[in-house]
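A short worksheet on the structure shown next.
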Amino acid sequence: MSGVKKNFKTNYLPKIFFFGTGEWSKNYLKLIQSSFKNKLFISCIITTNLDYKSNFYNVENSLEKALNIYGIPDGFIICTHPKKNISIISKIIEYDKPIIIEKPITLPTDFDNLIKLFSNKNLSKIFVNHVHFYNDTFLKIIPSNNTNFFNAKIIDGSFGPDREFSPLIDWGPHVFGIISYFLENIKDLRIHKIKKINENSKNKYNLYLKISNTNETKIFSIIIGNNFSKKKRTINFRMSDNKIIRFDLNKNLPKVSPLENILSTFTKKILDVNYNTNIITSEIAIRSLEIIKIIEKKLKNEV
């Protein structure tokens, strides 16, 4: 019942607010219930979906109401439509608590506002679910980001999802997150070729890209989009000695899921403010958004 605390018998656990009730939210909630019930406590779910009911969680329709009833939580998880993220982030970031944000972190139209919100903030407290960087198998085989030379072929897409926005927003963060890991300075990025393929409509297409750094020692050939015949998520790195490093996200399954890893990292940060990771995914998310903006601008200029 909204506005009334349910009685839970529990020892103290880090208390969090959870934003979202969509399909991917269910994966978070299911995992928290099964594997994190003794590690995290969801004070309430915050949603503007007035039809949403829960027999297990408190549900509120605004952050203000949740704060008034439950107080400031130890952390926040945002798993909503990207167009809602900027409003939510603007309200919670001043509490300086750990945050998980599902990608895409926001729409490109809100990017400048996001940069302002993140300015002078501790980005090591903000975790964005770039699945490759929470995949232990991928992290073990990926070349170092200071590797001098390689060619990478990346295919990342599926048949859908169909959105009211570009497939670059859905599929781009995965690929461009990987590129931004290797090209930390976006000014060092060069787009050599860009072409829409298998285009059915404004928001239903695949995109071929060839991208490199300025001196072309790190080259990426990419196909992404939402008009594949079936899901394909592969990366092949050809190194300077012609050794090929292969990774298939659908087949090279880690022992611990990326979703479990991001929740574990988030929990550790709540419990220990000094806990840090080698890769800050919020920085990767920002750079991947910068790349998306560059590509969208280039696509518009070529129309």
Side-chain angles (χ1 to χ4, degrees), residues 1-3 5-6 8 10 13-63 65-66 70 73-89 92 97-107 126-135 156-165 167 169-171 173-174 226 230-231 233 249-250 253-267 270 281 285:
M1 185 186 308
S2 180
K5 284 188 178 180
K6 295 184 177 78
F8 295 96
T10 177
L13 300 173
K15 297 175 177 61
I16 63 171
F17 287 176
F18 190 98
F19 295 85
T21 57
E23 288 302 311
W24 192 247
S25 296
K26 294 175 184 177
N27 293 328
Y28 271 96
L29 296 173
K30 183 178 179 181
L31 183 58
I32 290 171
Q33 289 171 13
S34 63
S35 301
F36 286 81
K37 60 184 178 182
N38 296 321
K39 300 176 184 178
L40 290 172
F41 176 74
I42 299 177
S43 296
C44 73
I45 293 174
I46 301 173
T47 178
T48 55
N49 178 4
L50 300 180
D51 294 327
Y52 180 79
K53 308 294 179 185
S54 174
N55 293 324
F56 192 77
Y57 295 111
N58 300 297
V59 180
E60 306 299 338
N61 59 19
S62 74
L63 172 64
K65 187 180 291 185
Y70 310 103
D74 298 299
F76 302 88
I77 297 178
I78 305 174
C79 187
T80 63
H81 191 289
K83 69 182 180 183
K84 297 180 180 180
N85 284 357
I86 195 73
S87 175
I88 296 170
I89 294 168
I92 67 175
K97 302 294 185 181
I99 304 170
I100 289 177
I101 310 173
E102 261 303 315
K103 68 87 205 158
I105 194 169
T106 189
L107 297 178
I126 302 174
F127 308 96
V128 181
N129 193 13
H130 282 265
V131 294
H132 290 87
F133 295 101
Y134 292 102
N135 184 309
D156 204 66
S158 186
F159 187 72
D162 296 331
R163 307 285 198 193
E164 70 274 25
F165 50 77
I169 309 301
D170 255 329
W171 292 100
H174 298 295
N226 61 356
K230 61 181 180 179
K231 183 182 287 187
R233 312 196 68 183
L249 190 64
N250 296 325
L253 302 178
K255 292 182 180 179
V256 179
S257 74
L259 193 58
E260 186 169 347
N261 263 339
I262 192 172
L263 283 168
S264 293
T265 304
F266 171 69
T267 304
I270 289 175
T281 48

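In plain terms, the two heavy atoms of Thr281 and Phe127 that are nearest each other are OG1-CA, 3.7 Å. Nearest heavy-atom pair, Ser62 versus Lys65, reported as atom, atom and distance to 0.1 Å: OG-N, 3.1 Å. For the residue pair Phe17 and Ser43, the shortest heavy atom distance occurs at CE2-CB, 3.8 Å. Gly75 approaches Lys97 most closely through the heavy-atom pair CA-CB, 4.1 Å. Contact detail for Ala66 and Cys44: the closest heavy-atom pair is CB-SG, 3.6 Å. Annotation for Tyr134 and Asn261: closest pair O-ND2, 2.9 Å, computed over non-hydrogen atoms.
Using modelled atom types, one side-chain atom of Ser34 and one backbone atom of Leu31 make a donor-acceptor pair closer than 3.5 Å. In this structure, the side chain of Ser54 engages the main chain of Phe56 through a donor-acceptor pair within 3.5 Å. Judged by distance alone, with hydrogens and angles left aside, the side-chain atoms of Asn129 form no donor-acceptor pair with the main-chain N or O of Lys103 at under 3.5 Å. Judged by distance alone, with hydrogens and angles left aside, the side-chain atoms of Asn135 form no donor-acceptor pair with the main-chain N or O of Pro258 at under 3.5 Å.
Pairs of residues two or more places apart, or lying in two chains, that qualify as salt bridge (charged side-chain N to carboxylate O under 4.0 Å, His left out) and include a residue from residues 22-33 are Glu23-Lys26.
Under the 4.5 Å side-chain criterion, counting only non-hydrogen atoms from C-beta, Lys84 is not in contact with Phe19. The side-chain heavy atoms of Tyr28 and Glu102, taken from C-beta on, include a pair separated by under 4.5 Å. Arg163 places a side-chain heavy atom less than 4.5 Å from the side chain of Asp170.
Applying the side-chain contact (heavy atoms from CB on, under 4.5 Å) test between Phe36 and each of Ile42, Thr267, Ile16 identifies Thr267 as the sole match. Of the candidates Ile46, Leu29, Ile100, Phe18 forms a side-chain contact (heavy atoms from CB on, under 4.5 Å) with just one, namely Leu29.
Residues that satisfy the side chain to side chain donor-acceptor pair (under 3.5 Å) test with Thr80, not counting sequence neighbours, are Asn85. Every residue meeting the side chain to side chain contact (heavy atoms under 4.5 Å, CB included) condition with Thr47, not counting sequence neighbours, appears here in chain and number order: Thr21, Asn49, Tyr52, Val59.
Classified by interplanar angle (parallel below 30°, tilted 30° to 60°, perpendicular above 60°), the ring pair His174/Trp171 is tilted.
To the nearest 0.5 angstrom, Asn58 atom CG is 3.5 Å from Tyr70 atom OH. Between the CD1 atom of Ile77 and the CD1 atom of Ile32 there is a distance of 4.0 Å, given to the nearest 0.5 Å. Taking CD1 from Ile101 and CD1 from Ile88, the interatomic distance works out to 9.5 Å, rounded to the nearest 0.5 Å. Rounding to the nearest 0.5 Å gives a distance of 3.5 Å between NE2 of His81 and CD of Glu164. Ser35 contributes atom OG, which lies 9.0 Å from atom CG of Leu263 (distance to the nearest 0.5 angstrom). For the atom pair CG (Asn250) and NZ (Lys230), the distance works out to 10.0 Å, reported to the nearest 0.5 Å.
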What do the steps show when you test Ile89 against Thr106 for side chain to side chain contact (heavy atoms under 4.5 Å, CB included), and what is the final call? CA-CA 10 Å; Ile89 294 168; Thr106 189; 5.8 Å; no
